[in-house]
Amino acid sequence: GNSVTQMEGPVTLSEEAFLTINCTYTATGYPSLFWYVQYPGEGLQLLLKATKADDKGSNKGFEATYRKETTSFHLEKGSVQVSDSAVYFCALSRYTGTASKLTFGTGTRLQVTL
Amino acid sequence: NAGVTQTPKFQVLKTGQSMTLQCAQDMNHEYMSWYRQDPGMGLRLIHYSVGAGITDQGEVPNGYNVSRSTTEDFPLRLLSAAPSQTSVYFCASSYRAQGAIEAFFGQGTRLTVV
C-alpha cells in the first residue's frame with residue numbers, strides 16, 4: 001500500500017537558518033505529493049504540491065521537488081522565521097478511478113527561535 | 001468565505017455515550033473525509049465519501065458511522081464512545097484539480113472520552 005515517511009522532530013532552528021525536512025514515499029503508479037502545515041490550534045493548510053516527476057512546488061519561500069528516482073519530496077526553506085513554527089505533514093494521493101485519498105506522514109514539528 | 005466548518009470544537013464524553021461530530025462545506029466539493037490525529041501517528045482516514053449517498057471505510061473505521069445525504073454535510077457518529085477514541089478529529093473537503101486532489105480542512109474537534 002501507500003505510505004509516507006518523514007524525519008522525526010522536533011526540529012529546532014534559529015531564525016534565518018536553512019530548513020530541510022525529509023520525506024520519502026512508497027506508492028504504486030504516479031502519486032501526487034503535498035506538504036501541509038498545521039499551526040497551533042488550527043487545521044491543516046496546503047503549503048505546496050507537485051503532481052508529476054521533477055515538478056517543483058513552491059509557496060511562501062518553501063520549496064519541494066518531486067524526485068521519482070529517489071521517491072522523495074523534501075521540504076526546504078532558505079531562511080526560516082519564528083512565524084514558520086508549526087507542524088509540517090508530507091502526504092501523497094493517488095487517484096484510483098473512484099476516489100483519491102490522502103496518505104499522511106506522521107508530521108514534523110518545527111520550532112524557530114530568535 | 002466559510003470553507004469547512006466543524007462543530008463542536010471541544011467535547012468531553014463519558015465511556016459508552018454517543019455523539020455526532022458535524023462537518024459542513026460550502027465549496028460544492030464531491031469528496032469529503034474524516035481523519036483522526038493522534039500523537040506520533042499523523043492523520044489516519046476514518047471514512048470518506050465521493051458524493052451524496054456514497055460512503056466508504058478508510059483505515060480506522062471501527063466504532064464510527066457516517067452518512068452523506070447532501071453534498072454539503074458529512075457527519076461522523078460515535079456509536080459508543082471509548083477512551084481509545086480520544087483524539088483530534090478533522091473533516092476535509094476535496095476536489096480534483098490538474099490530476100491531483102486538493103483538500104481543505106476544518107479546524108478540528110478535540111474529543112476526550114473519560
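All chains are named by letter (A, B, ...) in the order of the sequence lines, taking the proteins before the strands, and each is independently numbered beginning at 1. Note that the structure is predicted; figures quoted are calculated from it, not measured.
- Salt-bridge annotation for A:Lys77 and A:Glu63: absent, with no side-chain N of the basic residue lying under 4.0 Å from a carboxylate O of the acidic one.
- Annotation: maximal heavy-atom pairing with chain B below 4.5 Å, among A:Val4, A:Leu33, A:Leu44, occurs at A:Leu44.
- When heavy atoms are compared at a cutoff of 4.5 Å, B:Leu45 approaches chain A solely by way of its side chain, counted from C-beta outward.
- Atom CZ of A:Arg109 and atom CD of A:Gln38 lie 8.0 Å apart (nearest 0.5 Å).
- When all heavy atoms are compared, the tightest approach of B:Phe90 to B:Gln37 is CE1-OE1, 3.0 Å.
- Most heavy-atom pairs under 4.5 Å with chain B: of the set A:Tyr30, A:Phe104, A:Phe89, this distinction falls to A:Phe104.
- By the salt bridge (Lys or Arg N to Asp or Glu O under 4.0 Å) test, B:Arg44 pairs with B:Asp38, sequence neighbours left out.
- With a threshold of 4.5 angstrom between heavy atoms, B:Glu30 does not approach chain A through any atom at all.
- For A:Gln45, no part sits under 4.5 Å from any heavy atom of chain B, backbone or side chain.
- When B:Ala103, B:Gly58, B:Gly108 are compared by the number of non-hydrogen pairs under 4.5 Å with chain A, B:Ala103 comes out ahead.
- Ring planes of B:Tyr95 and B:Phe104: parallel class, angle under 30° (limits at 30 and 60°).
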